[in-house]
Amino acid sequence: MSPTPCPSGSLRSAAEVNEEIRDLWQRSGGCLSPEDEEEYQRLLVEWAAATGGSARSAA
């Protein structure tokens, strides 16, 4: 189940995206299914955009 994407031009903060990443890992028990992996990759791209590319790694 994927969250509804934000309307174009509306970005979530890096903290909001990071919270969703943490929730995904918690829900998966630390072992991502192929569908979860796809969602994780999408979230990483969104997180990187939210940080402006200035952060070195996701926590």
Any side-chain heavy atom of L43 sitting closer than 4.5 Å to one from R12?
yes
Rounded to the nearest 0.5 Å, what separates atom CD in E35 from atom CD in E38?
7.5 Å
Are V45 and L11 joined in one hydrophobic group, where the rule is that I, L, V, M, F, W and Y side chains link up if heavy atoms are under 4.5 Å apart?
no
For A14 against A50, the heavy-atom pair lying closest together
N-CB, 3.6 Å
Roughly how far apart are L44 CG and N18 CG, rounded to 0.5 Å?
9.5 Å
State the CD-CZ distance between E20 and R27, to the nearest 0.5 angstrom.
7.5 Å
So which atom in I21 and which in Y40 form the shortest heavy-atom distance, rounded to 0.1 Å?
CG2-CE1, 3.7 Å
Side-chain heavy-atom pair L24, L32 within 4.5 angstrom cut-off:
yes
Within 6.0 angstrom of Q41 CD, more than 12 heavy atoms from elsewhere
yes
Before accepting this row, confirm whether a basic side-chain N of the pair E39/R42 lies closer than 4.0 Å to the acidic partner's carboxylate O.
yes
